[in-house]
Amino acid sequence: MAQTKSDPNYKVIAENRRARYDYAIEEDIECGIILQGSEVKSLRENSANIAESYANVEDGELWLINSYIAPYEPARTWGHEERRRRKLLVSKKQLAKMWSATQRKGMTLVPLVLYFNHRGLVKLKIGIAKGKKSHDKRDTEAKRDWGRQKQRLLRQGG
């Protein structure tokens with residue numbers, strides 16, 4: 001996500017920060033998402049959650065399951081379901097890669113970031129991930145703690 005701060009359209013809507021702790025991310029893929037009008041307006045108000053959601057390949061299509069987009073209050077009569085399944089858009093080559101990773105290698109498709117790109121379109125970054133064991137999580141935590149401690153020592157010494 002090497003985006004410049006000066007880009008007026010780029011904006012992170014929701015981020016799954018726990019995903020990098022619970023999973024070892026092998027590769028990440030940017031994909032489009034099919035939304036209704038009230039969902040886009042709700043996302044512009046920054047009300048979404050992808051923390052407990054996941055992606056799945058079913059019948060040759062990629063779906064985002066259990067993601068939350070808050071209802072848009074002015075469209076309450078013709079609004080949207082908050083936790084409906086949303087179709088994701090990827091190329092056939094990427095879809096085949098995801099299918100083989102999940103079916104053959106036992107990997108998981110984890111949503112990492114939901115954002116507006118530089119053109120103002122909603123995009124979702126999905127990680128092809130393998131679940132970490134508890135000792136891997138401890139190693140990650142130890143490295144993070146050592147990094148913090150190193151930064152403290154450098155600040156105090158300089």
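FYI, the numbering just counts along the sequence from 1. The basis for the numbers below is simple: all heavy atoms, side chains too, and nothing from hydrogens, waters or symmetry mates.
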*Kindly say whether E39 contributes a backbone atom to a donor-acceptor pair with the side chain of S42 at under 3.5 angstrom?*
no
*asked:* Measuring centre to centre across the rings, with the benzene-like ring taken for any Trp, is Y115 within less than 6.0 Å of Y10?
replied: yes
*asked:* Side-chain heavy atoms nearer than 4.5 Å, only ILVMFWY residues, links allowed to pass through others: does that put I13 and I29 together?
replied: yes
*Can you tell me if NZ on K123 sees more than 12 non-hydrogen neighbours from other groups inside 6.0 Å?*
yes
_Hydrophobic cluster membership, with links at side-chain heavy-atom distances under 4.5 Å among I/L/V/M/F/W/Y: are I128 and L95 in one?_
yes
*Do the side chains of Y54 and Y23 join up, straight or via other hydrophobic residues, at under 4.5 Å, putting them in one cluster?*
no
*What is the distance from atom CD of Q151 to atom CZ of R155, rounded to the nearest 0.5 Å?*
6.0 Å
*Are any of the side-chain heavy atoms of W146 and Q149 separated by less than 4.5 Å?*
yes
*asked:* Hydrophobic clusters here meaning ILVMFWY residues chained together by side-chain heavy-atom distances under 4.5 Å, can you tell me if I50 and V90 are in one?
replied: yes
*asked:* Between D22 and K132, does any NZ, NE, NH1 or NH2 come within less than 4.0 Å of an OD or OE carboxylate oxygen?
replied: no
Quiz: residues 102-114 side-chain donor-acceptor pairs under 3.5 angstrom, not counting sequence neighbours:
| from | atom 1 | to | atom 2 | distance (Å) |
| --- | --- | --- | --- | --- |
| T102 | OG1 | M98 | O | 3.1 |
| T102 | OG1 | W99 | O | 3.0 |

Going by atom type alone, with no hydrogens or angles, which donor-acceptor pairs under 3.5 Å involve a side-chain atom of residues 64-71 and a protein atom two or more places apart or on another chain?
| from | atom 1 | to | atom 2 | distance (Å) |
| --- | --- | --- | --- | --- |
| N66 | OD1 | R83 | NH1 | 3.3 |
| N66 | ND2 | E52 | O | 3.2 |
| S67 | OG | R86 | NH1 | 3.0 |

*asked:* Quick check for you: to the nearest 0.5 Å, what is the distance between K130 atom NZ and I25 atom CD1?
replied: 12.5 Å
*Rounded to the nearest 0.5 Å, what separation is found between the CD atom of E73 and the OG atom of S47?*
10.5 Å
*State the OG1-OH distance between T140 and Y21, to the nearest 0.5 angstrom.*
7.5 Å
*Could you check if a side-chain atom of F116 sits within less than 4.5 angstrom of a side-chain atom of R44, using non-hydrogen atoms only?*
yes
*Steps toward side chain to side chain donor-acceptor pair (under 3.5 Å) verdict (Q36, Y72)*: CA-CA 11 Å; Q36 296 176 351; Y72 183 61; over 6 Å; no
*CG/L89 to SG/C31 distance, rounded to the nearest 0.5 angstrom?*
7.5 Å
*Please round to the nearest 0.5 Å and tell me the distance separating atom CG of N117 and atom NZ of K125.*
11.0 Å
*Any Lys/Arg nitrogen of E61 or K87 sitting under 4.0 Å from an Asp/Glu carboxylate oxygen of the other?*
yes
*Do K97 and K92 come close enough that some side-chain heavy atom pair is under 4.5 Å?*
no
